[in-house]
Number of protein chains: 2
Amino acid sequence: MPDIENYRCTVAVTLDVIGGKWKSLILWHLSFKTLRFSQLQRRLAKVTQKMLTQQLRELEADGLVHREVYAEVPPRVEYSLTELGQSVVPILELMCQWGKEYLEVSSGEEVPSCQVG
Amino acid sequence: MPDIENYRCTVAVTLDVIGGKWKSLILWHLSFKTLRFSQLQRRLAKVTQKMLTQQLRELEADGLVHREVYAEVPPRVEYSLTELGQSVVPILELMCQWGKEYLEVSSGEEVPSCQVG
DNA sequence: CAGTATCCTAGCTGATACTG
DNA sequence: CAGTATCAGCTAGGATACTG
């Protein structure tokens with residue numbers, strides 16, 4: 001759907017898709033395993049229910065995340081990465097590595113790998 | 001300065017540093033050449049003077065951008081990437097490539113490389 | 001559990017004016 | 001030129017309450 005004419009460079013395209021406040025983090029956590037809404041919320045810790053819902057809907061509309069609803073009581077909804085969603089993981093891996101090194105030079109101490117999954 | 005305890009994963013660290021609304025784009029444009037304030041503003045097109053100033057100050061404080069002031073009339077201020085700033089460029093290159101491919105699959109046509117520099 | 005709905009505030013934009 | 005300052009207006013985001 002994006003209009004090419006609107007973009008001076010394709011970095012801006014990527015930012016429109018994964019640059020939302022919580023999107024990268026959501027994708028990162030989903031890259032390890034399929035998660036339910038409440039599991040995602042716990043992992044993000046500071047996100048509000050409203051924002052998590054909103055960002056997930058946008059990721060779904062952009063084709064990065066798949067939403068699977070199970071007709072159960074209590075209801076269960078699982079989120080996973082689509083193939084397109086998987087394709088952004090290399091970007092996130094670089095971000096993870098860069099953040100680790102940034103912390104290490106600014107703190108002077110060894111920093112553990114990301115605590116996720 | 002970031003407090004390790006605040007982060008569950010280092011992707012969040014990176015997002016704190018380059019996740020600002022205009023920061024990735026600023027770094028991307030500076031990765032090609034040193035730019036003056038007005039040049040940056042033209043390349044970003046939609047950024048307000050206030051936000052550009054603010055984001056540049058934060059990037060400077062985080063050590064990614066160097067600000068060189070020349071004592072001339074009219075004044076000239078040039079922004080460039082520090083070594084730390086250079087180290088985020090691989091992330092931006094991946095973003096550029098991903099955005100290009102995303103546009104191509106969603107539009108069905110060939111998309112030019114980023115128009116920058 | 002996985003969301004809506006509502007209200008309210010913080011942050012961004014746009015326009016304009018001013019300064020070293 | 002490269003900012004700073006101010007103010008109106010909008011929208012992103014937060015807090016809280018409620019629901020299938």
Side-chain angles (χ1 to χ4, degrees), chain A residues 2 6-8 11-30 33-62 64-81 85, chain B residues 6 8 11-12 15-27 29-30 33-62 64-81:
Chain A
N6 291 338
Y7 298 103
R8 290 197 46 133
V11 171
V13 177
T14 304
L15 289 172
D16 266 9
V17 179
I18 66 166
K21 180 153 194 181
W22 298 97
K23 291 182 182 176
S24 296
L25 245 28
I26 291 171
L27 295 171
W28 180 242
H29 284 281
L30 291 182
K33 58 184 291 197
T34 294
L35 292 172
R36 302 176 63 165
F37 187 88
S38 55
Q39 293 178 307
L40 263 174
Q41 198 172 13
R42 265 190 298 278
R43 278 167 175 76
L44 267 34
K46 302 227 166 182
V47 74
T48 60
Q49 215 167 17
K50 176 183 161 186
M51 281 306 297
L52 182 54
T53 302
Q54 183 183 306
Q55 301 273 292
L56 281 168
R57 293 290 182 278
E58 290 180 17
L59 288 170
E60 194 189 354
D62 285 332
L64 306 199
V65 160
H66 172 71
R67 179 171 183 264
E68 185 74 36
V69 183
Y70 296 89
E72 301 175 0
V73 178
R76 179 163 58 103
V77 180
E78 292 190 342
Y79 294 92
S80 57
L81 294 190
Chain B
N6 290 338
R8 290 197 47 133
V11 171
L15 289 172
D16 266 8
V17 178
I18 67 165
K21 180 152 194 183
W22 298 97
K23 290 182 182 175
S24 296
L25 245 26
I26 290 171
L27 295 170
H29 284 281
L30 291 182
K33 57 184 293 196
T34 294
L35 292 171
R36 303 176 62 166
F37 187 88
S38 53
Q39 294 178 305
L40 262 175
Q41 198 171 13
R42 266 190 298 277
R43 278 166 176 75
L44 266 36
K46 303 230 165 181
V47 75
T48 61
Q49 209 169 26
K50 179 179 158 188
M51 278 309 294
L52 182 53
T53 301
Q54 182 183 306
Q55 301 273 292
L56 281 169
R57 293 288 182 279
E58 290 180 18
L59 287 169
E60 195 189 353
D62 285 332
L64 306 199
V65 161
H66 172 70
R67 180 173 183 264
E68 185 75 36
V69 183
Y70 297 88
E72 303 174 355
V73 178
R76 180 162 58 105
V77 180
E78 291 189 342
Y79 294 91
S80 57
L81 294 189

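Naming convention: chains lettered A, B, ... in sequence-line order (proteins, then strands); numbering from 1 in each chain.
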* CZ of B:Arg57 versus C1' of D:dG3: gap in Å, rounded? -> 8 Å
* Using atom CD of B:Gln54 as one end and atom P of C:dG14 as the other, report the distance to the nearest whole Å. => 15 Å
* When you look for runs of 3 or more Watson-Crick or G-U pairs in a row, both distances below 3.5 Å, which of them include DNA chain C? -> C:1-20 with D:1-20
* Touch check for A:Tyr79, heavy atoms < 4.0 angstrom, all strands: base, sugar-phosphate only, or nothing? -> sugar-phosphate
* Asked: Want to settle it: does B:Gln55 or B:Gln49 sit nearer the 5' end of DNA chain C, counting the closest nucleotide to each?
  -> B:Gln55
* Just wondering, do B:Leu64 and B:Ile18 contact through their side chains at under 4.5 Å, heavy atoms? -> yes
* Structure fact -> Per nearest nucleotide of DNA chain D, the residue lying toward the 5' end, B:Arg36 or A:Trp22, is B:Arg36
* To do: Please determine, for the side chain of A:Lys50, which listed nucleotide (D:dG14, D:dT4, C:dT13) has the closest atom?
  => D:dG14
* Structure fact -> Here the distance between atom C1' of C:dA15 and atom CD of B:Gln41, to the nearest Å, is 13 Å
* **Nearest-neighbour nucleotide for the B:Thr48 side chain, C:dC1, D:dG14, C:dT13 considered** => C:dT13
* **Gap separating the NE2 atom of B:His29 from the OH atom of B:Tyr79, nearest 0.5 angstrom** => 15.5 Å
* Structure fact -> Closest of C:dC1, C:dT13, C:dA2 to the A:Arg67 side chain is C:dA2
* B:Leu44 has an atom CG; how far is it from atom P of C:dT13, in whole Å? -> 10 Å
* Structure fact -> Among the nucleotides C:dA2, C:dC12, C:dG20, whichever has the atom closest to the side chain of B:Pro75 is C:dG20
* Asked: Considering heavy-atom distances to DNA chain C, does A:Thr53 or B:Met51 have its closest nucleotide positioned more toward the 5' end?
  -> A:Thr53
* **Length of the NZ-C1' vector between B:Lys21 and D:dG13, whole Å** => 12 Å
* Nearest-Å distance, CG (B:Leu52) to P (C:dG11)? -> 19 Å
* Can you name the closest pair of heavy atoms from A:Leu40 and A:Leu35 and give their distance? -> CD2-CD1, 4.0 Å
* **Atom of A:Trp22, atom of A:Gln55 and distance for their closest heavy-atom approach** => N-OE1, 3.1 Å
* A:Ala12 versus B:Leu25, closest heavy-atom pair with distance -> N-CD1, 4.0 Å
* **Atom-pair distance (CG on B:Leu40; P on D:dC1), nearest Å** => 15 Å
* To do: Taking all heavy atoms of A:Ser24 and all of B:Leu15, pick out the closest pair and write down the distance.
  => CB-CD1, 3.9 Å
* Asked: Between atom CZ of A:Arg76 and atom OG of A:Ser38, what is the distance when rounded to the nearest 0.5 Å?
  -> 11.0 Å
* Check every strand shown and say whether A:Glu72 touches a base, only sugar-phosphate, or nothing at a heavy-atom separation below 4.0 Å. => nothing
* Nearest-Å distance, CG (A:Leu56) to P (D:dG13)? -> 14 Å
